[in-house]
Amino acid sequence: MDIADFDRPAATVAAALIGHVLLVEGVGGTIVETEAYDRTDPASHSFAGPTRRNASMFGPPGRAYVYRSYGLHWCLNLVCESGSAVLLRALAPSAGLDTMRARRGLDDPRRLCAGPGRLAQALGIDASHDGAALDRAPFAWGPPEGPVAVAATTRIGITKAAETPWRFLLAGSPYVSRPLPRTR
DNA sequence: CACCAGATCTTCT
DNA sequence: GAAGATCTGGTGG
């Protein structure tokens with residue numbers, strides 16, 4: 001991902017990010033699950049306009065938006081077009097496994113980064129990263145290594161706009177927080 | 001595996 | 001003062 005690529009609709013960026021490698025201080029892996037949120041979306045923190053918490057969502061694209069979830073967890077978003085962002089929900093861990101295991105207090109690689117709170121904990125993300133530029137340290141990026149099969153489905157944990165298919169997955173990945181719903 | 005309660009706190013109404 | 005873009009550990013099939 002080039003920094004300029006973030007200045008597009010969140011759903012476009014969310015799909016394009018699948019398969020890229022994200023590292024924070026050299027720790028991370030391949031992005032396998034994302035969700036998009038934008039200004040016109042009732043489920044988005046930005047829906048009601050700028051506030052103290054969501055200020056980063058209305059700042060320049062290509063930066064981080066970090067918020068506290070349920071008073072317990074940090075969640076990492078990547079800011080796109082003004083008022084929109086992509087929530088990182090899961091990685092396939094590939095770098096700094098020992099660091100992630102220590103931060104998470106468990107071994108199972110499938111559970112190290114499967115979920116927004118878990119991912120942020122494994123990467124050492126907290127409020128100090130809010131507003132940080134994504135094209136310099138501690139962040140580093142790598143392109144997909146081959147063809148990427150992206151699947152789209154509904155988002156998780158929301159009550160408004162629950163039917164909007166803005167959750168993107170690396171098809172078949174065992175590292176997602178929840179599998180693609182069964183079709184029939 | 002499914003369901004549920006509890007933890008914990010910032011933000012906005 | 002209520003509501004969360006969640007996670008974990010418990011219980012019961």
Side-chain angles (χ1 to χ4, degrees), chain A residues 6 9-18 22 24 29 31-59 61 63-93 100-132 134 150-170 174-182 184:
Chain A
F6 285 100
T12 302
V13 177
L17 281 168
I18 300 296
L22 169 64
V24 180
I31 297 173
V32 297
E33 181 178 352
T34 60
E35 282 181 1
Y37 291 89
D38 83 9
R39 186 63 212 275
T40 66
D41 170 16
S44 174
H45 289 169
S46 61
F47 185 63
T51 63
R52 176 192 231 73
R53 174 176 66 168
N54 68 23
S56 292
M57 285 187 80
F58 290 92
R63 302 212 183 180
Y65 163 46
V66 178
Y67 73 93
R68 191 98 133 139
S69 175
Y70 289 88
L72 298 168
H73 316 285
W74 297 106
C75 292
L76 173 62
N77 294 256
L78 312 179
V79 178
C80 302
E81 282 184 345
S82 185
S84 75
V86 172
L87 172 67
L88 295 185
R89 288 195 55 94
L91 301 183
M100 290 194 264
R101 290 193 188 101
R103 286 170 174 161
R104 294 270 302 119
L106 50 59
D107 285 351
D108 185 355
R110 288 183 176 228
R111 287 188 184 163
L112 284 179
C113 301
R118 293 164 168 175
L119 182 157
Q121 184 182 31
L123 298 191
I125 294 295
D126 62 33
S128 70
H129 296 90
D130 187 42
L134 300 173
V150 179
T153 182
T154 52
R155 296 173 291 181
I156 293 177
I158 56 173
T159 55
K160 302 161 198 161
E163 66 296 333
T164 303
W166 278 1
R167 181 164 77 109
F168 301 91
L169 309 172
L170 177 60
Y175 296 100
V176 298
S177 66
R178 283 169 57 174
L180 193 61
R182 254 303 214 173
R184 56 170 31 197

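Chain naming here is simple, since letters A, B, ... match the order of the sequence lines and numbering starts at 1 in each. Excluded from the calculations below are hydrogen atoms, water molecules and symmetry mates; all remaining heavy atoms, backbone and side chain alike, are included.
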Euclidean distance, atom [atom1] of residue [X] to atom [atom2] of [N] [Å, nearest integer]:
{"X": "A:I156", "N": "C:dC7", "atom1": "CD1", "atom2": "P", "result": "9 Å"}
{"X": "A:R89", "N": "C:dT6", "atom1": "CZ", "atom2": "C1'", "result": "9 Å"}
{"X": "A:Y67", "N": "B:dT8", "atom1": "OH", "atom2": "C1'", "result": "15 Å"}
{"X": "A:F168", "N": "C:dA5", "atom1": "CZ", "atom2": "C1'", "result": "15 Å"}
{"X": "A:L78", "N": "C:dA5", "atom1": "CG", "atom2": "C1'", "result": "14 Å"}
{"X": "A:D38", "N": "C:dA5", "atom1": "CG", "atom2": "C1'", "result": "14 Å"}
{"X": "A:F47", "N": "C:dA5", "atom1": "CZ", "atom2": "P", "result": "13 Å"}
{"X": "A:R68", "N": "B:dC12", "atom1": "CZ", "atom2": "P", "result": "16 Å"}

Exercise. Looking only at side chains, do A:S177 and A:R89 share a donor and an acceptor under 3.5 Å apart?
Worked result: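 Looking only at side-chain atoms, A:R89 and A:S177 do form a donor-acceptor pair, the distance falling under 3.5 Å.
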
Exercise. Without hydrogens or angle criteria, can the side chains of A:T154 and A:E163 be said to hold a donor-acceptor pair below 3.5 Å?
Worked result: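 No, A:E163 and A:T154 have no side-chain donor paired with an acceptor closer than 3.5 Å.
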
Exercise. 5'-most contact on DNA chain C: A:L87 or A:L106, nearest heavy atom basis?
Worked result: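 Nearest nucleotide further toward 5': that of A:L87.
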
Tell me whether [X] contacts the main-chain N or O of [Y] through its side chain, where contact means a donor paired with an acceptor under 3.5 Å.
{"X": "A:T164", "Y": "A:W166", "value": "no"}
{"X": "A:D130", "Y": "A:V66", "value": "yes"}
{"X": "A:E35", "Y": "A:I156", "value": "yes"}
{"X": "A:N54", "Y": "A:G49", "value": "yes"}
{"X": "A:S84", "Y": "A:D38", "value": "no"}

Problem set entry | Near-strand residues of residues 109-131 of chain A, defined as heavy-atom separation under 4.0 angstrom from DNA chain B |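 Nucleic-acid contacts, sorted: none.
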
Problem set entry | Presence of A:T51 side-chain N/O under 4.0 Å of B:dC12 phosphate oxygens OP1/OP2 |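 Checking B:dC12 against A:T51, a side-chain N or O does come within under 4.0 Å of OP1 or OP2.
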
Exercise. Can a side chain N or O of A:H45 be found less than 4.0 Å away from OP1 or OP2 on C:dA5?
Worked result: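 Answer is yes, contact under 4.0 Å.
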
For this session: When you get a sec, tell me which of B:dC9, C:dT6, B:dA7 is the closest nucleotide to the side chain of A:L72?
Result: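 That would be B:dA7.
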
For this session: Hey, could you give me the CD1/CG distance between A:I31 and A:L91, rounded to the nearest 0.5 Å?
Result: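 It comes to 6.5 Å.
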
For this session: Can you run down the side chain to side chain donor-acceptor pair (under 3.5 Å) pairs that involve residues 106-128 of chain A, sequence neighbours left out, and say none if there aren't any?
Result: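 As it turns out, the side chain to side chain donor-acceptor pair (under 3.5 Å) pairs with a partner in residues 106-128 of chain A, which skip direct neighbours, are A:R104-A:Q121, A:D126-A:S128.
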
Exercise. What nucleic acid atoms does A:R155 come within less than 4.0 Å of, heavy atoms only: base, sugar-phosphate, or nothing?
Worked result: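 Contact class for A:R155: none.
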
Exercise. Using a cut-off of 4.0 Å on non-hydrogen atoms, how would the nucleic acid contact of A:I158 be classed: base, sugar-phosphate, or nothing?
Worked result: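 It contacts sugar-phosphate atoms only.
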
For this session: Measure from the ring centre of A:Y70 to the centre of the six-membered ring in the base of B:dA7, then say whether that distance is under 5.5 Å and the planes meet at under 30°.
Result: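 Stack criterion not met.
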
Exercise. For DNA chain C, what dot-bracket results from Watson-Crick or G-U pairs at under 3.5 Å, with [ ] for crossers and | for inter-strand partners?
Worked result: ||||.|||||||.

Problem set entry | Cation-aromatic face contact A:R155/A:Y37, 6.0 Å, 45 degrees |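 Yes; both conditions hold, so A:R155 lies above the ring face of A:Y37.
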
